[in-house]
Amino acid sequence: MSSLSIPHLLGLQGVPKEDISLILDSTDSFLEILDRPIKKVPTLQGKTVVNLFFENSTRTRISFELAERRLSADVVNFAASSSSVKKGETLLDTARNIEAMKVDIVVMRHSAAGAGHFLSERCTSRFINAGDGAHEHPTQALLDMCTIRQKHGSLEGLNVCIIGDIGHSRVARSNIYGLITMGANVAVCGPPSMFPYDLEKLGVRVFTNIDEALQFSDVINVLRIQLERDAGADFPSLREYHNSFGITRERLDKLGREITVLHPGPINRGVEIESEVADGPYSVILPQVTNGVAIRMAVLYLIGTRAE
Amino acid sequence: MASYLFKNARILDPVSGLDTQSDLLVSEGTIEAIGDNLSAAGAEEFDFSGKTIVPGLCDMHVHFREPGFEHKEDTRSGAASAAAGGFTAVACMPNTDPPIDTASVVSYIYEKGRGLAVDVYPIAAITKERKGESLAPMVELREAGAVGFSDDGSPVFNTKVLRTALEYGSMFDVPIIQHAEDPHLFTGGAMNESLVSTELGLPPIPRLSEDAVVARDLMFTEYVNGRYHLAHMSTRGAAEAVRAAKAKGLKVTSEVAPHHFVLTDESVRGYDSNVKMNPPLRTADDVIAMKEALRDGVADAIATDHAPHAGFEKEVEFVYAPFGIIGLETAVGLSVTELLLEKWLTLPQLIEKLSTNPRRILRLPEIRLEAGQPANLTFLDMDAQWTVDVERFRSKSRNSPFHGRVLTGKPLGIFNNGQLVIDL
């Protein structure tokens, strides 16, 4: 089997198509393992993985931990406040301490963009980015692509629209980079006040009208509106957001055709997406979660067994 | 005091127009003679063939961190860094702890600088505690020796306070120095807003934050006939506003930091916190605008915004790292390499930006290279190629993005206050 050209998975920007294809193809065999009565293989036996989570995340951490355990890795969880800097110990100190304990792979979630780059240049462990600030969340985008591929067979030529707070979203960035590399036509939709500067230059179509965006799309990826983020700063109210950009049954019915609906979770029912859609026939939200474990197994396997 | 004879130097003084190949004799801290085939019994002699002597350089924007943050830099280490970089004078910004907002802190800065080869001048705060709310005792501060007023590190954003500061300050012959930034647009920002910030997912600082405040400030400057100096100008918009204000005859000056005419925000890819400063690195177009501004006299001075931080403070996640880089020991090399060799400025123009103009803006004594004048000199090797090595810096800090860069034009040292500091 071939191997990845990249030593770490810090993001999908600049990652070659061959690498993404290899991860997606490998995922299929791990999915098959997840259907077995005994969902465990000895692939990473003897390897140690630390889940270094500086930002709260239950789902992503559980998904990684399941993936690690199913590959028979030794797993350590480290949860720390991202403000550990202010408490005295720097990120670098924390990482060096953990590395001194002879860890092979570090899976890191951090509120600061670039935290993975920072550590990977200063430590010898392999790094997998589980989300860094508003920068990237590569395994989320990979599981999204895996889920889309299951449904549509291929990503090539597919019209995919990402809807919501693009500016603050690492999921959006990773999806944009990965999907474009894989040949999809990518669009974004949301209020312009939630778009980052020069967004078009990322190579995406930009919609500010949700119905036009839906017309364009074979697949939509509905981002979570972060309620904890000073709502009202970038848009007037959740009610207005829902009315203007929320994905409703009514809007989808108007299309008169099937459209695949993804959401990275957790869902704000009644805000960015209606329950009827989230739980409806077009939704692949739960398959996304299953694929998430398999994708992470594939990434851990490919990064963890890659020759130095 | 000793005598020093510098043989066969190029001696250049943009004020008098002097540009000659000659000997220069310093005795008792004074220029004794400039002429051919000088000799002096007992003088220490230096062969200065291929080397240049210019009026002592002045950096009108440094942070020496004293009092309060001496682990980053103090007056002594900062002055050593200045001397190594070819500067005989610096003006220290008041964002210390306590800030330079009382006469006693002004005196403290002078006391710390006493006896050093480098003249260390304090710039005092415009407002009490640099909070931007009520004026500091500017008359007292000026009388104690403040050479300018600035809340640098923070803007004077409140328009009423700005107006009052410009009006009240207009009774002095030194400027109100503005750190131009809109705090509402700036909040949490870490780098210039551009495609790069979009790709890196870093919180952006739009150029509007600087442009809008400069445009507004210049309206106030005109209205009250104030004296305004724009610190660390970094955007084309700000440069165009200053250009227009100068054309109208306003009492406006500005400075540019070397990193703003050398680097762009593309350098932030890789998240190295040594390219994090405020104002942030801007776009390639802004870099050109800074060079044009220097060439056209829109920018009067090159000032480093020398901002030391300890390694442990900088070596953290990009968004958590403090703003600022050190600049005293790379300013000459970067200016020669990027401005002189690229023909944006002639050597006399470059010396004006690094010596004559900043001294004029801060009303410091003019330096003349002629017999009988105090010897305030900078020694340069204009042709030397050298590689920046932060480990060799005299500063306490190492936070420079230019480590490993090959530069042409090397400062060799200074003579000032009767002291020779030289590293040939």
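Computed from heavy atoms alone, side chains included, the values below leave out hydrogens, waters and symmetry copies. In the text below, chain A, chain B and the rest are named by the order of the sequence lines, each starting its count at 1.
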So with a 6.0 Å cut-off around [atom1] of [X], is the heavy-atom count from everything else above 12?
X: A:N56; atom1: CG; result: no
X: B:R243; atom1: CZ; result: yes
X: B:R394; atom1: CZ; result: no

Calculate, to the nearest 0.5 Å, the distance between atoms [atom1] and [atom2] belonging to [X] and [Y] respectively.
X: B:S197; Y: A:Y197; atom1: OG; atom2: OH; value: 9.0 Å
X: A:T90; Y: B:Y320; atom1: OG1; atom2: OH; value: 12.5 Å
X: A:R173; Y: B:T198; atom1: CZ; atom2: OG1; value: 6.0 Å
X: A:I176; Y: B:E199; atom1: CD1; atom2: CD; value: 10.0 Å
X: B:R269; Y: A:H117; atom1: CZ; atom2: NE2; value: 10.5 Å

Report which part of [X] has an atom under 4.5 Å of a heavy atom belonging to chain B: side chain, backbone, both, or neither.
X: A:R170; result: neither
X: A:Y177; result: side chain
X: A:E136; result: neither

*Between A:D132, A:D198, A:L199, the one whose heavy-atom pairs under 4.5 Å with chain B are most numerous*: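 It is A:D198.
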
*Option in A:E121, A:K201, A:R122 with maximal non-hydrogen atom pairs under 4.5 Å from chain B*: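 Option with the top pair count is A:R122.
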
*Measure the shortest side-chain to side-chain distance between B:E315 and A:F118 over non-hydrogen atoms and say whether it is less than 4.5 angstrom.*
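Heavy-atom side-chain distance check passes, below 4.5 Å.
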
_Atom of A:A113, atom of B:G201 and distance for their closest heavy-atom approach_ =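 Taking every non-hydrogen atom into account, CB-O, 3.6 Å.
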
*Does the ring center of B:Y271 lie less than 6.0 Å from the ring center of A:H135?*
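Centroid separation for B:Y271 and A:H135: below 6.0 Å.
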
